[in-house]
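Both ligands and their constituent atoms are indexed starting at 1 by order of listing.
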Amino acid sequence: MQSYQEMSREELLKEKTALEAAYRKYAASGLKLDMSRGKPSAEQLDLSMEMMNVLNSNMDLSCEDGTDCRNYGVLDGIQEAKVLLGDMIECHPDNIIIYGNSSLNIMYDTVSRSMTHGVMGNTPWCKLDKVKFLCPVPGYDRHFTITEYFGIEMINIPMLPTGPDMDMVEDLVSKDEAIKAIWCVPKYSNPQGITYSDETVRRFARLKPAAKDFRIYWDNAYGVHHLYDIDQDNLVEILAECKRAGNPDMVYKFCSTSKISFPGSGVAAIATSANNLVEIKEQMQVATIGHDKVNQLRHVRFFKDIYGMTEHMRKHADILRPKFEMIIDKFECELKGRDAGTWIAPKGGYFIAFEALEGCAKAIVAKAKKAGVTMTPAGAPFPYGKDPKDSTIRIAPTYPTLDDLKIATDIFVICVKLVTIDKMLESKSVQQG
Ligand SMILES: Cc1ncc(COP(=O)(O)O)c(C=O)c1O
């Protein structure tokens with residue numbers, strides 16, 4: 001396939017005319033397709049419907065230690081839920097607090113507590129002139145919304161195929177006491193699907209931060225969300241690694257069953273050191289008498305154990321794999337060799353990131369929108385919604401049906417090609433002019 005860079009002006013114009021005809025056809029057909037948010041499809045949600053039957057009015061709703069889950073009590077979650085989520089994120093149940101229905105909510109709460117009360121006796125962040133977070137980019141927009149909300153300055157850290165640029169992380173963290181944390185999605189990252197390498201995790205665990213209250217916000221949202229049975233990414237477990245490296249308190253691990261059972265009605269948790277847990281529980285007991293134990297019990301009775309959860313995730317993968325593979329196949333067929341962008345074929349998670357030519361992302365997303373395909377706004381995976389290169393587009397393949405996704409991908413590819421050709425024509429006329 002010939003690269004657009006190598007084509008003459010005439011060849012590009014000819015290609016453009018043909019693509020425009022195809023684009024017009026789609027645009028006229030009144031499509032309404034959504035590739036914008038990483039939600040599971042209805043078919044995936046159906047996989048968990050049996051969860052609605054595992055508890056009923058004839059049942060004993062006591063958990064293993066005899067606690068009646070219908071009543072108040074148990075601040076940090078029932079033991080069997082700690083065991084299940086502990087296995088899910090490879091942590092000892094003693095290191096876990098089970099919260100409510102959302103891990104994002106725990107992250108918000110963690111930042112909020114650090115702002116008002118500080119971290120382990122250190123000055124509350126709200127009393128400092130400046131607080132900064134490192135933000136590997138592209139990343140999860142809602143992380144950045146939390147830090148922006150609290151007025152925390154965000155510093156972009158480029159993502160490499162091995163994870164965040166650790167030379168930069170080590171350098172900045174060791175020099176600047178105002179840097180209090182880093183956002184991380186270490187496995188099947190949102191949006192690139194990158195899993196941090198062993199070396200990256202080990203370097204994280206051995207950071208020497210200038211700030212005594214520096215913390216790694218390790219959002220393991222996609223820890224068990226593999227697309228393949230055998231070909232899976234592996235992530236070194238960071239809590240144990242931090243302990244080994246003499247930094248036992250440096251990490252907060254977050255997780256939930258949002259994209260395992262029902263988003264918004266799942267179970268979320270934090271895993272961290274004993275010292276951090278004490279501090280968190282001090283605040284927690286002021287905020288709540290305890291979270292939803294009935295839902296915790298429902299999840300445990302449905303999944304039974306980590307094996308049950310793994311089997312369940314296989315069913316999700318069977319639905320998701322064809323969607324991811326279809327998109328990657330179309331990119332390989334239509335875009336590879338055209339020099340119109342790059343992408344990584346993820347082995348898990350919820351997203352594919354398309355890296356368009358610099359200055360093209362907004363135009364591609366706008367063009368797709370006009371033809372009836374809604375994408376995540378360009379810039380969203382960056383702090384303040386600003387992609388310095390205007391090149392990253394997040395694709396969320398999970399929600400639409402495979403048939404709709406095929407059409408949406410065809411339209412997306414046409415938009416990529418058209419915007420890229422326009423860019424080439426522009427640079428050719430500049431060269432000529
Ligand atoms: C990286 C990441 N973290 C957290 C969440 C939200 O998790 P929860 O539903 O547990 O709040 C998402 C959802 O898309 C996500 O992609």
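Looking from atom 6 (C) of ligand 1 to the surrounding protein, the closest heavy atom is Tyr140 OH, 3.6 Å. Of the protein's heavy atoms, Tyr222 OH, 2.6 Å lies nearest to atom 16 (O) of ligand 1. Taking atom 1 (C) of ligand 1 as the reference point, the nearest protein heavy-atom neighbour is Asp219 OD2, 3.3 Å. Annotation: atom 9 (O) of ligand 1 to nearest protein heavy atom, Ser258 OG, 2.6 Å.
For Ser103, heavy-atom contacts with ligand 1 shorter than 4.0 Å involve the backbone as well as the side chain. Only the side chain of Lys259 comes within 4.0 Å of ligand 1, judged by heavy-atom distances. No part of Tyr350 comes within 4.0 Å of ligand 1, judged by heavy-atom distances. Contacts with ligand 1 closer than 4.0 Å are made by no heavy atom of Ala268, backbone or side chain.
One finds no salt bridge joining Asp176 and Lys130 here, because no Lys/Arg side-chain nitrogen approaches an Asp/Glu carboxylate oxygen to under 4.0 Å. With respect to Glu199 and Arg202, no salt bridge is recorded, no charged nitrogen being found less than 4.0 Å from a carboxylate O. Comment: Glu355 does not engage Lys389 in a salt bridge, judged by the lack of any side-chain N to carboxylate O separation of less than 4.0 angstrom. A salt bridge is defined here as a Lys NZ or Arg NE, NH1 or NH2 lying under 4.0 Å from an Asp or Glu carboxylate O, and Glu325 with Arg321 fails to meet this definition. Salt bridge annotation for Asp404-Lys32: absent, with no cationic side-chain nitrogen under 4.0 angstrom from a carboxylate oxygen. Ion pairing between a basic and an acidic side chain is recognised when a charged N comes within 4.0 Å of a carboxylate O; Glu170 and Lys208 show no such pairing. The residues Lys82 and Asp76 are annotated as salt-bridged, a charged nitrogen and a carboxylate oxygen being separated by less than 4.0 angstrom.
Within ligand 1, counting atoms from 1 as listed, the ones closer than 4.0 Å to a heavy atom of Val185 are 1 (C). Of all the atoms in ligand 1, the ones that sit under 4.0 Å from a non-hydrogen atom of Ala221 are 1 (C), 2 (C), 3 (N). For ligand 1 and Ser256, the ligand atoms under 4.0 Å from any heavy atom of the residue are 8 (P), 10 (O).
A 4.5 Å side-chain heavy-atom check between Arg113 and Val119 finds every atom pair outside the cut-off.
A cation-pi arrangement, defined by a distance under 6.0 Å to the six-membered ring centre and an angle within 45 degrees of its axis, is absent between Lys347 and Tyr228.
Polar contact with ligand 1: present for Leu104 (N/O pair, distance under 3.5 Å). Taking distance alone, with nitrogen or oxygen atoms compared against 3.5 Å, Ser102 approaches ligand 1 more closely than that limit. Polar contact check, Asn105 against ligand 1: no nitrogen or oxygen pair lies under 3.5 Å apart. In terms of N/O distances under 3.5 Å, ligand 1 is not approached by His143.
The backbone N or O of Asn101 sits nowhere less than 3.5 Å from a side-chain atom of Asp292 that would complete a donor-acceptor pair.
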